[in-house]
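Shown next, in structure tokens, is the structure this report addresses.
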Amino acid sequence: MAVRDWFPEYGQDVVLLAVDLVGTFVFAVEGALAGMYAGLDVFGLLVLSFVTALGGGTIRDLLIGAIPPNSIRDWRYGATAFAGGGAVFFFHPLIQRVPVHLMITLDAAGLALFAVAGVGKALEFGITPLLAIILGAVTGAGGGTVRDVLLAQVPGVLHSDVYAAAALAGAAVVVMGLKVKLPRGLAMSLGAGACFVLRMVAAWRHWNLPKVVGH
């Protein structure tokens with residue numbers, strides 16, 4: 001079998017694919033770490049790494065009609081997610097010593113990568129800009145929400161930190177950049193940067209969205 005037979009075309013350009021895979025690995029590590037702290041076994045770690053990394057993208061694909069989702073159709077996504085979970089399982093003594101601020105940085109990077117990849121793919125499928133922005137946030141925050149539900153926790157995105165809002169901001173920057181005819185790579189870079197910076201500043205300053213007074 002030729003090498004190229006192992007890498008079929010999936011209608012995705014190289015930039016979008018690379019962004020998707022890097023984000024997949026980062027979120028898979030985060031999901032596996034959550035499973036490790038919850039005392040799950042290796043199977044549980046791999047399940048959480050998969051759903052955290054690919055849950056948001058799968059929801060996005062189902063909503064825009066990209067069926068079957070890339071997480072199922074393209075083996076590279078599943079392999080990348082399981083690689084992240086496996087890395088946590090085999091190297092957890094090292095990973096447990098990783099500083100908290102570094103994990104927050106990696107999380108922000110994964111959120112930024114997924115948000116811009118999500119809005120980019122939604123636009124490719126002809127989704128209107130406003131809904132594409134929302135789908136960018138779904139891509140970034142959806143997997144973590146599914147992870148928290150599986151761990152019987154209220155999803156953090158619903159009550160703490162500027163998280164989904166950062167993904168929305170990054171996706172909006174991508175749409176605005178494309179609207180003014182910026183090169184797609186530049187627009188996606190600016191969007192990822194905006195999402196990353198907002199998320200990091202929010203974590204540093206302990207920003208939260210407003211809540212109902214007295215509750």
Side-chain angles (χ1 to χ4, degrees), residues 10-30 52-66 69-71 74 76-77 80-81 101-145 156-157 160-205 207-209:
Y10 293 97
Q12 249 182 329
D13 64 42
V14 175
V15 173
L16 192 58
L17 176 62
V19 168
D20 242 356
L21 290 179
V22 172
T24 296
F25 186 84
V26 170
F27 269 27
V29 169
E30 184 184 337
T52 305
L54 301 175
T58 299
I59 295 171
R60 174 204 63 206
D61 287 352
L62 292 174
L63 290 174
I64 67 178
N70 269 347
S71 58
D74 187 340
R76 291 171 288 191
Y77 286 90
T80 301
H101 68 270
L102 178 56
M103 292 307 304
I104 293 175
T105 301
L106 291 175
D107 177 74
L111 179 68
L113 292 170
F114 268 29
V116 299
V119 70
K121 185 166 184 179
L123 292 172
E124 281 187 351
F125 274 72
I127 305 301
T128 59
L130 177 60
L131 292 179
I133 291 171
I134 294 173
L135 287 172
V138 169
T139 306
T145 300
V157 68
S160 65
D161 297 327
V162 177
Y163 198 83
L168 286 169
V173 169
V174 174
V175 169
M176 289 187 291
L178 295 175
K179 184 69 174 179
V180 298
K181 308 298 183 183
L182 291 179
R184 195 167 92 156
L186 177 58
M188 293 180 72
S189 297
L190 291 174
C195 178
F196 178 81
V197 170
L198 180 55
R199 173 69 184 120
M200 290 297 295
V201 172
W204 171 47
R205 302 294 296 177
W207 287 349
N208 289 291
L209 295 178

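Since this is a predicted model, take the numbers as computed values, not measurements. Computation of the quantities below employed the complete heavy-atom set of this structure, encompassing side-chain atoms and omitting hydrogens, waters and symmetry-equivalent molecules.
- By the 4.5 Å heavy-atom criterion applied to side chains, D107 and Y163 are counted as neighbours.
- The side-chain heavy atoms of L182 and L190, taken from C-beta on, include a pair separated by under 4.5 Å.
- Taken from CD1 in I59 to OG1 in T145, the straight-line distance is 7.5 Å, to the nearest 0.5 Å.
- In plain terms, the two heavy atoms of A81 and L54 that are nearest each other are CB-CD1, 4.1 Å.
- Annotation: the span from T139 atom OG1 to F27 atom CZ amounts to 10.0 Å, rounded to 0.5 Å.
- Between V119 and A132, the shortest heavy-atom distance links the atoms CG2-O, 3.5 Å.
- Of the inter-residue distances, the one linking L131 atom CG with I64 atom CD1 reads 11.5 Å to the nearest 0.5 angstrom.
- Annotation for M200 and I104: closest pair SD-O, 4.0 Å, computed over non-hydrogen atoms.
- Residues K121 and N70 meet the side-chain proximity criterion, which asks for heavy atoms closer than 4.5 Å.
- If you check the side chains of S71 and T58, you find a donor sitting under 3.5 Å from an acceptor.
- Between R199 and A108 the shortest heavy-atom distance is CG-CB, 3.5 Å.
- Side chains of L111 and F196 form no contact here, defined as non-hydrogen atoms less than 4.5 Å apart.
- In this structure, G170 and C195 approach most closely via the heavy-atom pair CA-CB, 3.9 Å.
- In this structure, T80 OG1 and D74 CG are separated by 8.5 Å, a value rounded to the nearest 0.5 Å.
- The minimum heavy-atom distance linking G191 with V174 is given by the pair CA-CG2, 3.8 Å.
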